Amino acid sequence: KENVVLTGMPGSGKSTVGKLINIDGYTFIDTDAEIEKINAALKAELQALNNSVKELLNGVYAAFDLEGLVASAKKAAAELKAKAEAEIAALVAEAEAKIVALRAIAEAQIEALKAATAAEIAALIAEFGSRIAELEAQLKNASGEAAEAIRAEIAALQAELAARIAALEAALDEGILALQAELERQ
């Protein structure tokens, strides 16, 4: 037995005519209604599937607690930053304290060097001064070539004193520069 099929444009009355025609042995099937039933069933299945996926994703999100992880990561980063800043501040403070201590030591060494040099210069002046004073006393009683010889000896002693003082001052300057260079290296 063959099927009877009604065709036509949408809204042309196929469903209305099909319901009105009652042919024995045939059952009227409205394909639009069948498609709507299938679509409704598919929609229900898709909605159920969508709900299942949402529930699954919510479970995954809850399991991972992304906001909690982000918050924990931010907190850990802040703690690490604070710890690093504190350690850096402590290192800077320690370095500054060492620099202050080294400067104090260097300044004390420079002052000691200056004092030692001044003491050596004072000793030289006293030594040479007493010898020159003796010669000047002799000069008062000398004349002629003897006076010239005493004057020459006094000039030689004064030149030697000046040279030795200059050498001590140069050694002092070198010592100060060496201490300053050592301080800069540290």
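Quick caveat, the model's predicted, so the values are computed rather than measured.
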J.: Return the CD1 to OG1 distance between Ile110 and Thr117, rounded to the nearest 0.5 Å.
T.: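 Between Ile110 CD1 and Thr117 OG1, I get 11.5 Å after rounding to 0.5 Å.
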
J.: Count I, L, V, M, F, W, Y as connected when their side-chain heavy atoms are under 4.5 Å apart, and connections chain through other members. Are Ile125 and Ile154 then in the same cluster?
T.: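 Same cluster.
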
J.: List the residues meeting side-chain contact (heavy atoms from CB on, under 4.5 Å) with Val4, not counting sequence neighbours, and say none if there are none.
T.: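 Val4 satisfies side-chain contact (heavy atoms from CB on, under 4.5 Å) with Tyr26 only.
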
J.: Is there a chain of hydrophobic side chains (I, L, V, M, F, W, Y, each step under 4.5 Å between heavy atoms) that links Leu124 to Leu172?
T.: no

J.: Hey, could you give me the CG/CG distance between Leu56 and Asn51, rounded to the nearest 0.5 Å?
T.: 12.5 Å

J.: How long is the straight-line distance from CD of Glu120 back to CD1 of Ile165, given to the nearest 0.5 Å?
T.: 11.5 Å

J.: What distance do Ile132 atom CD1 and Ile150 atom CD1 have between them, rounded to the nearest 0.5 Å?
T.: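 Rounded to the nearest 0.5 Å, the CD1-CD1 separation comes to 13.0 Å.
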
J.: Taking atom OG1 of Thr31 and atom CD of Glu36, what is their separation to the nearest 0.5 Å?
T.: 10.0 Å

J.: Mind checking side-chain contact (heavy atoms from CB on, under 4.5 Å) for Glu87 and listing every partner two or more places apart, or none if nothing turns up?
T.: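 For Glu87, the residues satisfying side-chain contact (heavy atoms from CB on, under 4.5 Å) (neighbours in sequence not counted) are Lys83.
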
J.: Examine distances only and state if a side-chain atom of Lys14 and a backbone atom of Gly8 form a donor-acceptor pair shorter than 3.5 Å.
T.: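 Yes, the answer is positive, given that a donor and an acceptor are paired below the 3.5 Å cut-off.
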
J.: Taking all non-hydrogen atoms of both residues, which atom of Ser15 and which atom of Asp30 are closest, and how far apart?
T.: OG-OD2, 2.9 Å

J.: Could I get the full list of side-chain contact (heavy atoms from CB on, under 4.5 Å) partners for Glu145, not counting sequence neighbours?
T.: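 Residues passing side-chain contact (heavy atoms from CB on, under 4.5 Å) with Glu145: none at all.
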
J.: Let me confirm one number: the CG-CG distance from Leu49 to Leu42, rounded to the nearest 0.5 Å.
T.: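 Separation between the atoms: 11.5 Å.
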
J.: Please collect all salt bridge (charged side-chain N to carboxylate O under 4.0 Å, His left out) contacts where either partner lies in residues 105-117, sequence neighbours excluded, each pair once.
T.: Glu111-Lys114

J.: Establish whether Leu135 and Phe128 are linked, either directly or via other cluster members, by ILVMFWY side-chain heavy-atom contacts under 4.5 Å.
T.: yes

J.: Taking only residues two or more places apart in sequence or in another chain, which ones pass side-chain contact (heavy atoms from CB on, under 4.5 Å) with Asn50?
T.: Gln47, Lys54

J.: Run Lys98 and Glu94 through salt bridge (charged side-chain N to carboxylate O under 4.0 Å, His left out) and show every step you take.
T.: CA-CA 6 Å; Lys98 284 181 180 178; Glu94 182 180 339; 3.4 Å; yes

J.: Is there a path of hydrophobic side-chain contacts, each under 4.5 Å between heavy atoms of I/L/V/M/F/W/Y residues, joining Leu157 to Leu168?
T.: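 Both belong to a single hydrophobic cluster.
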
J.: Please determine if Arg131 and Glu127 form a salt bridge, counting it only when a charged side-chain N lies under 4.0 Å from a carboxylate O.
T.: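 Salt bridge: no.
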
J.: Say whether Leu102 and Leu179 are linked into one hydrophobic cluster, either directly or through other cluster members, by side-chain heavy-atom distances under 4.5 angstrom.
T.: no

J.: If you link ILVMFWY side chains whenever their heavy atoms are less than 4.5 Å apart, which other residues fall into the same cluster as Ile88? By chain and number, please.
T.: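 In the cluster with Ile88 are Val92.
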
